[in-house]
Amino acid sequence: MCGIVGYVGFRPAADLIIRGLRRLEYRGYDSAGLAVLNGDGLVVTKASGKLSSLEKKLGPTLPQGTVGLGHTRWATHGAPTTTNAHPHTDQTGRIAVIHNGIIENAGALRTALEQRNHTFESETDTEVLAHLIGELYQGDLELAVAAALREVDGAYGIAVISADEPDCLVAARKGSPLIVGVGDGEWFVASDASALLEHTRSVVYLDDGEMVVLSRDGYRVRSLDVMEISKKIDRIEWDLATIERGGFEHFMLKEIFDQPTSLSNTLSGHLLEDEGTARLEGLNLTNDELKQIDRIIITACGTSWHAALIGEYMIEELARVPVEVEYASEFRYRNPVVDQRTLVIGISQSGETADTLAALVEAKNRGARTIGVVNVVGSTIAREVDGGTYLHAGPEVGVASTKAFTSQLGALALFALRLARLKNLSILQGRQFVEALKALPGQIEEILGRVDEIESLAERFLDTSNALYLGRGVNFPVALEGALKLKEISYIHAEGYPAAEMKHGPIALIDENMPVVFIAPRDAVHSKIVSNIEEVKARGGKVVAFVNDGDHEIERLADATFTIPETLDLLTPILTTIPLQLVAYYVAVRRGCDVDQPRNLAKSVTVE
Ligand code: AGP
């Protein structure tokens, strides 16, 4: 979605805002803009394309002023043009607004305003809000913003400044994330902490329906009825180095190589080796409450949904509790059947994905217990659920999720183990599972040590426009994830399928030009997948297989193989995913794609 930054202080605002937007560009990079109050009025500059085009347009001399706001856009209403870029101004041109979210009743509001002689330059819902604030403005920006927002339906994170009040900035949120940065004599607002961490670690998380006014002498939080709200100040624990590339060419590659550490962080402090189980204090569920759970629903989007599918295998196999996996965007509108004995798990790296948040709220309203498996500390989902566990994978900047995925699988394995030991799993089986989990970071290190082999595998995909990924059992979702990675960063069409399903249709696609990727560790369904490989070879297909060491049967059949260290069947996805991430990465780099900021995508989707 979009990135928002605002500042009131004593330093030149433009420079600070541009630096903040640089950190938020993974949220949207269709266009960018800036507005600064320089004592004579409002200076607005915007440009289509990446932040760099705005910086080029601004030139070496940035607009002066110590109050301002800036925006980087992921287009929803109106094409990614300069006219549709934010900030948008009101009819007088004296009020500037930036917005992250969707104003659902913008159409009706626009018509009403046009009937009152307002004229609009852009196609955006945000310009409508700017005009509404302008129309309601009677010398008090806070009151005008509150009044306008009371007429708005939809989701928003907004910041507003006015040439008539040069020392203040008003911001508000509903559905989209917004935090306040509390500095020493200066104050910030931003969509997430990465934009203000270089200035302060002290932040205030705004909740839905809250508004903040930044002024020279501090900040105050109010409701939209302008009632005072006292908020606690939280402290950001991670540091800037974790959101630097650290010498890697791309964030995605850095985050792939982070995985031995990020997975260790996810597991650390949770494994109880002697008892062969896991502790997850944050779940806020007693052992008795966990034992009473007779149905689990896991809901998520995108890569997190793939993790949910693997979680289903782990929990059902280990704990024998029925699990259903739901696309959050479908679950929220499907009148779901849930009750007090249903546990609904929401998985989200960002903790801000609108559909996953709404699905959890829906489940909660229907009496279910909700827990979150989330990476971003303090995010909306983390604060909405009854309990949960943080991944501690560190910030993930690359739009294509990598380390968060393997950490999600680690967290789900911990949950499955804890539940299973409460139900039926023996201490010996538990200890074996703990041992296998502990070995994973080292095994990932071993795979990353053979990155050159994987880079040469990528050659096989360069001249293709289609690819098929096949896996069985717990590695079927890995096939989905491998295909998604290739799609989202190299723009090659790819599909993931259960290997046996191939015969029921996709086999028609197979010819000598289409790579067919098999995820085929030596697990309980190995012999079945060997037959599927033979079926592909019989049609002249080109097979790339990810196998365990010494798998001569598949090495004889496949055109290329890459070996994966052995682990327990249920944990193989944590290893088989790594080379698929790297294949997608090297194919995208070789095709000259923008790996960290793929076209049309955004890191967290905070609108429906
Ligand atoms: C994955 O690479 C994508 N960025 C996307 O599918 C992502 O997984 C999805 O938007 C869910 O995001 P979340 O985990 O932050 O909720």
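Counting starts at 1 for both ligands and their atoms, in listed order. In this chain, residues are counted from 1 in sequence order.
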Report summary line: One should read off an interatomic distance between T577 OG1 and Q581 CD, to the nearest 0.5 angstrom, of 6.0 Å
Report summary line: Note: ligand 1 atoms sitting under 4.0 Å from heavy atoms of S350 are 13 (P), 15 (O), 16 (O)
Report task. Starting from atom 10 (O) of ligand 1, locate the nearest protein heavy atom and write down its residue, its atom name and how far away it is, to 0.1 Å. Result -> V605 CG2, 4.3 Å
Requested in this report: Mark the output for S604 as yes if a heavy-atom distance to ligand 1 is under 4.0 Å, and as no if none is.
Outcome: no
Requested in this report: Answer yes if the ring centres of H306 and F405 are under 6.0 angstrom apart, and no otherwise.
Outcome: no
Query raised in the report: Has ligand 1 got any nitrogen or oxygen that is less than 3.5 angstrom from a nitrogen or oxygen of G302?
Result: no
Report summary line: Going by the 4.0 angstrom heavy-atom rule, the piece of E352 near ligand 1 is neither
Query raised in the report: What's the shortest distance from atom 12 (O) of ligand 1 to any protein heavy atom, and which residue and atom give it?
Result: T353 OG1, 3.5 Å
Requested in this report: Check for a donor-acceptor pair, side chain of K487 on one end and backbone N or O of G482 on the other, with a separation under 3.5 Å.
Outcome: no
Query raised in the report: Please walk me through it: do N84 and T124 pass side-chain hydrogen bond (donor to acceptor under 3.5 Å, both in side chains)?
Result: CA-CA 6 Å; N84 289 334; T124 67; 5.3 Å; no
Report summary line: for atom 9 (C) of ligand 1, nearest protein heavy atom and its distance come out as C301 O, 3.7 Å
Query raised in the report: Do the side chain of D596 and the main chain of F251 share a donor and acceptor less than 3.5 angstrom apart?
Result: yes
Report task. Over all heavy atoms of both residues, which pair between S379 and V374 is shortest? Give the atoms and the distance, please. Result -> OG-CG1, 3.3 Å
Query - Worked check of side-chain contact (heavy atoms from CB on, under 4.5 Å) between L486 and Y469 - result: CA-CA 10 Å; L486 192 72; Y469 286 69; 3.7 Å; yes
Query raised in the report: Can you tell me if V399 has a non-hydrogen atom under 4.0 Å from ligand 1?
Result: yes
Requested in this report: Please indicate whether any nitrogen or oxygen in K485 is less than 3.5 Å from any nitrogen or oxygen in ligand 1.
Outcome: yes
Query raised in the report: Numbering the atoms of ligand 1 from 1, which are under 4.0 Å from a heavy atom of S401?
Result: 1 (C), 2 (O)
Report summary line: shortest atom 5 (C) of ligand 1-to-protein heavy-atom contact is with T303 N, 4.3 Å
Report summary line: Near A400 (heavy-atom distance under 4.0 Å), the atoms of ligand 1 are 2 (O)
Query - Shortest non-hydrogen contact from L419 toward L290 - result: CD1-O, 3.7 Å
Report summary line: For atom 3 (C) of ligand 1, the closest protein heavy atom turns out to be E488 OE1, 3.5 Å
Query raised in the report: For Y313, does the OH atom have more than 12 heavy-atom neighbours from other residues, nucleotides or ligands under 6.0 Å away?
Result: yes
Query raised in the report: Does S348, backbone or side chain, put an N or O under 3.5 Å from an N or O of ligand 1?
Result: yes
Report task. List every atom of ligand 1 that sits less than 4.0 Å from any heavy atom of Q349, numbering the atoms from 1 in the order shown and giving each element. Result -> 13 (P), 14 (O), 15 (O), 16 (O)
Query raised in the report: Taking only heavy atoms of S304, which atoms of ligand 1 are found under 4.0 Å from at least one of them?
Result: 8 (O), 13 (P), 14 (O)
Report task. First locate atom CZ of R418, then atom CG of L271, and finally report the distance between them rounded to the nearest 0.5 Å. Result -> 13.0 Å
